[in-house]
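To start, the structure under review is shown below, and the notes come after it.
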Amino acid sequence: MARRWLGPGEFTELVQIGAVKLDTESLNEIDSLNLLVRPRINPVLSDYLQTLTGITNARLVDEGIDFDEAYRHFVRFADGGMIVAFGRDDLIFETNIDLYGIKNAPLMPNYVNVTPWLREHGVEPKGYHACDVAKLCGATYVAREHDALDDARSVALGARTLIAKGARNLFLPHDMRGTG
C-alpha cells in the first residue's frame with residue numbers, strides 16, 4: 001500500500017466486497033453483502049494483508065469467488081441504487097475489470113465518494129480509512145477494521161450520525177430540509 005501497488009507484480013486486486021443497503025430515509029440497514037474474491041494474478045495473500053483484514057488464504061480458497069462473478073453480484077445487489085463509499089472504490093473496480101480483461105461488465109451504478117460530503121460537514125477524512133468514518137463523525141463503532149462489510153457499516157453509521165446532527169441527507173435526491 002505504501003508503494004501504491006507500483007512495485008513489480010503488485011496490483012490492486014480486490015479480495016473482498018462488502019456493502020450495506022440502507023433505507024434512504026431512516027438510514028437503517030435493510031440488507032448486506034459480503035463476498036470474498038480470489039485474486040487471479042497474486043492468488044496467495046501476504047501475511048500483512050491477512051493480518052490487516054483477517055482474511056486467511058484458507059478462507060479465501062474455501063469461500064472466495066472469481067472477481068467477474070463477485071462484481072456482477074455486487075451490481076445486482078445495488079439494484080440501480082446509488083453507491084456511496086469512502087474514496088474512489090469505483091476506480092478499484094474499473095482497474096480489476098481492465099486487469100482481468102473482462103468483457104461486457106455491467107456498468108457501475110451511480111457512485112458517490114463520501115469524502116467531499118464529510119468535509120462539507122466539518123469532518124476531515126485525510127489520512128483515515130473507511131473503518132474510521134463512524135468515529136470521525138462522533139459515533140461509537142467497534143468492529144473489525146479493514147473488513148469490507150464492517151467498513152461499509154462504519155461509513156453508513158458515520159453518515160447516519162452526521163445526518164442526525166443536521167447534515168444534508170446525501171442518500172436522498174434532494175434534502176427535505178432544503179439544503180441539498
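One is the number of the first residue; the rest follow in order along the sequence.
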* Asked: Is a side-chain donor or acceptor of Arg119 paired with a backbone partner of Glu124 at a separation under 3.5 angstrom?
  -> no

* In Å, rounded to the nearest 0.5 Å, how long is the span from CD of Glu120 to CZ of Arg168? -> 4.0 Å

* Check: Ser154 side chain, Ala134 main-chain N or O, donor-acceptor pair, under 3.5 Å -> yes

* What about Tyr128 and Phe86, are their ring centers closer than 6.0 Å? -> no

* Go through the steps for Asp23 and Ser26 under the test side chain to side chain donor-acceptor pair (under 3.5 Å), then give the verdict. => CA-CA 6 Å; Asp23 175 276; Ser26 71; 3.1 Å; yes

* **Residues Arg153, Glu29: salt bridge by 4.0 Å N-O rule** => yes

* Donor-acceptor contact below 3.5 Å, side chain Asp151 vs main chain Ala130 -> no

* **Exam field: side chain Asn34 to backbone Leu149, donor-acceptor pair closer than 3.5 Å** => no

* CG of Asp62 to OG1 of Thr56: how many Å apart, nearest 0.5 Å? -> 8.0 Å

* Asked: What do you reckon, is CZ of Phe77 surrounded by more than 12 foreign heavy atoms closer than 6.0 Å?
  -> yes

* Asked: So, the side chain of Glu13 versus the backbone of Arg40: is there a donor-acceptor pair under 3.5 Å, distance only?
  -> yes

* Co-membership, hydrophobic cluster, residues Val133 and Leu170, 4.5 Å side-chain -> yes

* Asked: Are the side chain of Asn169 and the backbone N or O of Phe171 linked by a donor-acceptor pair below 3.5 Å?
  -> yes

